[in-house]
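Here the structure is laid out as structure tokens; the discussion comes afterwards.
Every chain is numbered from 1, with letters handed out A, B, ... down the list of sequences.
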Number of protein chains: 2
Amino acid sequence: MAEARDRRELILSTAAEMVARKGLRATTVRAIADAVGVFSGSLYHHFPSKDAIVEEVLARYLDAIRARYAVVLASGKDPAACLHELVVTSLEIAEEQPHATAIYQNESQYLRELPGFRGIQVAAADIQQTWLQVIDTGVADGSFRHDIPSWVFYRLIRDAVWLSIRWHRPDGPYSTQQLADDVTSLFLRGFAMPPATARAAVPTAASKA
Amino acid sequence: MAEARDRRELILSTAAEMVARKGLRATTVRAIADAVGVFSGSLYHHFPSKDAIVEEVLARYLDAIRARYAVVLASGKDPAACLHELVVTSLEIAEEQPHATAIYQNESQYLRELPGFRGIQVAAADIQQTWLQVIDTGVADGSFRHDIPSWVFYRLIRDAVWLSIRWHRPDGPYSTQQLADDVTSLFLRGFAMPPATARAAVPTAASKA
DNA sequence: GTCTATACATCGATAGAC
DNA sequence: GTCTATCGATGTATAGAC
């Protein structure tokens, strides 16, 4: 029985790795089966379809994000500190689950046509709400700027953070910790409410309406 | 003859639109031919393969970026102004060629296996160099921070700018001009060398080494 | 330059022996 | 729970008539 679970897990992890590397449509059930060490027909004893494998990978992934975001939100820290924690947490998850992260980023078109897309959408909305809640709190208490829409700031920092898996190597000389610090430093300083004093040296570029 | 050119252009634009919307592998030559209004075999009179169609779309796209980036660089403005111009130009191109932009962002895995990938890579390196040159100039003259690696800053602003096509609607109430201004304002203030004075209110998050 | 017809490969998924 | 064998659909690309 433990062996059966392991086989199932092996299929999930193998499929995740291959789909992340080659793309969803480019990864065939035969290739997954070969990599696992079984014949393609055997996969259908564990899963009803190829799509079901991917759905389970993503469902677990999004649930993991939700659970860890909830911990950050419950810490009760101020918005700036919370934002830093969200960045750190996100980069940690991206490092722990690089394949699921890549799939979620790359296959949004395919995912939309999946039968279980509803569930994915619900989890994604929950994750987005966590960011927006933190940002809006900061805007409301005056620590964040209000001249840039909070949802715009969210999308900019979200893409900058999550898409870093396309270029950042966690085991390289530029550590994940360093990346998290730099991202936070850059975005927080850029989004912080200026101390009402000088705003010199930087062109605000407030051109036409 | 003009009709022949038009047919060719129609195939290119139709394919670009469909591939951007549904994905490269999900878009069949039959579907492209149907949308154009011919039979699938007829496409092969104009192009040797499906891949060749996509390659031509991307080659033109990258060349357009290179040409317009060169104009920005030749303006001789200071780094901050150049950076703003690069953001504006990029968002304009994304608005003018949304399909090619989406394809280039989404199908990097598939592109790597294309016979003409070498040419794509060369153009991409050239584009990256333009950004890095501007950023490094600003770091060298003291207007930009030097505690965040310039290549890290490049990747963060690049992803934030180009990936905006996934959520930004140019014909909506939040204009492209506004987005360009906000992106520039956020990133330039975050990356600007602080006036040596106060850096208060914002936690620098400089944790462990 | 377009159409008809089809070759040839490969896909996801199934059925039944073991 | 895995393997053997294969079905039916669908993919890219080609050949030759018009």
Let me know the distance between NE2 of A:H46 and C1' of D:dG1, rounded to the nearest Å.
-> 6 Å

To the nearest Å, how far apart are B:D34 CG and C:dT2 P?
-> 15 Å

Does B:H45 place a side-chain N or O at less than 4.0 Å from the phosphate oxygens OP1/OP2 of C:dG1?
-> yes

Mind calculating the distance between CZ (B:R30) and P (C:dA5) to the nearest angstrom?
-> 14 Å

Mind calculating the distance between CG (B:D51) and P (D:dT12) to the nearest angstrom?
-> 10 Å

Rounded to whole angstrom units, what separation is found between the CD1 atom of A:I32 and the C1' atom of C:dT10?
-> 15 Å

Candidate nucleotides C:dT2, D:dG11, D:dC3, ranked by approach to the side chain of A:V38 - the nearest | D:dC3

Rounded to whole Å, NZ of A:K50 lies from P of C:dT14 at a distance of 15 Å

Can a salt bridge be assigned to the pair A:R60 and A:E96 using a cut-off of 4.0 Å between side-chain N and carboxylate O?
-> no

Write down the distance between CE (A:M18) and P (C:dG12), rounded to a whole number of angstrom.
-> 11 Å

Does A:Y44 place a side-chain N or O at less than 4.0 Å from the phosphate oxygens OP1/OP2 of C:dA13?
-> yes

Do the ring planes of B:F153 and B:F144 sit parallel (below 30°), tilted (30 to 60°) or perpendicular (above 60°)?
-> tilted

Can a side chain N or O of A:S42 be found less than 4.0 Å away from OP1 or OP2 on D:dG1?
-> no

Upstream residue (5' side of DNA chain C) when B:G41 and A:V29 are each assigned their closest nucleotide | B:G41

Between CD of A:E113 and C1' of C:dG12 the distance, given in whole Å, is 16 Å

Do A:Q128 and A:R155 have side-chain heavy atoms sitting under 4.5 Å apart?
-> yes

Are side-chain heavy atoms of B:V72 and B:V88 found at a separation under 4.5 Å?
-> no

